Protein chains: 2
Amino acid sequence: MRYRRADVVDRAVGMLDRVGLDGLTMRKLAAELGVQPGALYHHFTNKDALLAAVADELLTRGRRATEIVTWDAELRLVCVELRDAMLACRDGATLLARVHALGLGEVDPEQRMYDVLQRAAADDDVARIGARTLLHFVVGHVSEEQVARPEPRSAAAAAAPESGDFHLGLSLVLDGLRQRLR
Amino acid sequence: MRYRRADVVDRAVGMLDRVGLDGLTMRKLAAELGVQPGALYHHFTNKDALLAAVADELLTRGRRATEIVTWDAELRLVCVELRDAMLACRDGATLLARVHALGLGEVDPEQRMYDVLQRAAADDDVARIGARTLLHFVVGHVSEEQVARPEPRSAAAAAAPESGDFHLGLSLVLDGLRQRLR
DNA sequence: ACCTGAACACCGTTCAAGT
DNA sequence: ACCTGAACACCGTTCAAGT
């Protein structure tokens, strides 16, 4: 059988959601695809590259249309979108953190937040650190959410108690940013 | 030869600093101690427990006297202390993040920050989320610092350009908190 | 109590050789 | 180009048996 990159990534996403990040091994993924482990290295240079592709896929799936209103509403929307993308899949936050730490992945929500802050006429320092801080907040917060309840959550269950915590934490950072815009 | 828990942890800290988190394996640590791999399991139930002990050791070493002045100065001090504890050792932030994610480790800076906010008469929500957000900020920020420069940094080189970024990010969150303390 | 010896059940990665 | 077969160089962990 023949597989394209996208097929491998799709399988990997499904497998991640089922067995978690620790269970997602090259050997088991190959087995699911009915292929030898070594075959995966024809599509990806190594496991980190595969994980980066999985992360990009999750972020792309979670992408929504952005209505530009105000800088803070837009940042909030990007952060909620990012959170939902990670919550859509078991260990999503841990995966994103790992890929980000390695400097891999094409889709870059931090850059997006940086751009929003630039457009709001923030100093470059403020924009850079603001975007970074927001990213760390979201990844850190969702990591914590996914420790307790590792199962994927349905869209209906999205209004969990954690959501309030998330928005409160987000407001903390956004309020801090507001004080530094002009 | 006989080893106490503390000896094993000390060796593990030194090894972590030299070879990084990926290089710190049970087998290599055992080899450095001149002992069989299985012997380590007499002192620690598993690798995560060992890593938790290492994290606790790093945090304990970094502990300084806290002069209680104002809530924000104290929080800033706790965060700087936490950052320095992680910067003192290669991959310190990644280690802390992992141990925290597993809910292990005795020393808990988040609890300490929570207490400070409580004393400042913050609502329980604000105190809880404030402490969590600060912890995520520090761990996330330092992780990023240690990606670029994985070598341990001397105390003299602590005033790196990253320090300014750190304090700016910290101020963002602290300012947000200030608005929620009556 | 503390450690050895030796195994068990895995990993990621490489690479000649096949089609 | 894409995959197989088979290996290489590792892991964490367990556990009878020794002292």
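Only this structure's heavy atoms are used, side chains among them; waters, hydrogens and symmetry mates stay out. Just so it is clear, the model here is predicted, and its values are computed rather than measured. In what follows, every chain begins at residue 1, and chains take the letters A, B, ... in the order their sequences are listed.
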A/D91 (side chain) donor-acceptor with A/G20 (main chain) under 3.5 angstrom
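No; zero donor-acceptor contacts below 3.5 Å.
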Just wondering, are more than 12 heavy atoms of other shown residues or ligands nearer than 6.0 Å to [atom1] in [X]?
X      : atom1 : answer
A/D124 : CG    : yes
A/R18  : CZ    : yes
A/R119 : CZ    : yes

Would you say C/dC11 has OP1 or OP2 under 4.0 Å from some side-chain N or O of A/K28?
yes
Can a side chain N or O of B/Q36 be found less than 4.0 Å away from OP1 or OP2 on C/dG5?
yes
Which range-with-range stems can be found for DNA chain C when each stem has 3 or more Watson-Crick or G-U pairs in a row and both distances sit under 3.5 Å?
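Result, WC/G-U stems under 3.5 Å: C:4-8 with D:12-16, C:12-16 with D:4-8.
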Distance to the ring centre below 6.0 angstrom and angle to the axis at most 45 degrees; does that hold for B/R128 and B/Y114?
no
Distance in angstrom units between [X] [atom1] and [N] [atom2], rounded:
X     : N      : atom1 : atom2 : value
A/L40 : C/dT14 : CG    : P     : 13 Å
A/Y41 : C/dT13 : OH    : C1'   : 5 Å
A/D7  : D/dA1  : CG    : P     : 19 Å
A/R27 : C/dA9  : CZ    : P     : 15 Å

Please list, by residue number, the residues of residues 42-58 of chain B whose heavy atoms come closer than 4.0 Å to an atom of DNA chain D; answer none if no residue qualifies.
B/N46, B/K47
Of A/A39 and A/M26, the one whose closest DNA chain C nucleotide lies more 5':
A/M26
Using side-chain hydrogen bond (donor to acceptor under 3.5 Å, both in side chains) as the criterion, point out the one residue from A/R112, A/R76, A/R64 that pairs with A/E81.
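The option that passes is A/R112.
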Do B/D115 and B/Q111 have side-chain N/O donor and acceptor atoms under 3.5 Å apart?
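B/D115 vs B/Q111: donor-acceptor pair found between side chains.
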With a 6.0 Å cut-off on ring centres, are A/F137 and B/H136 close enough?
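No; B/H136 has its ring centre 6.0 Å or more from that of A/F137.
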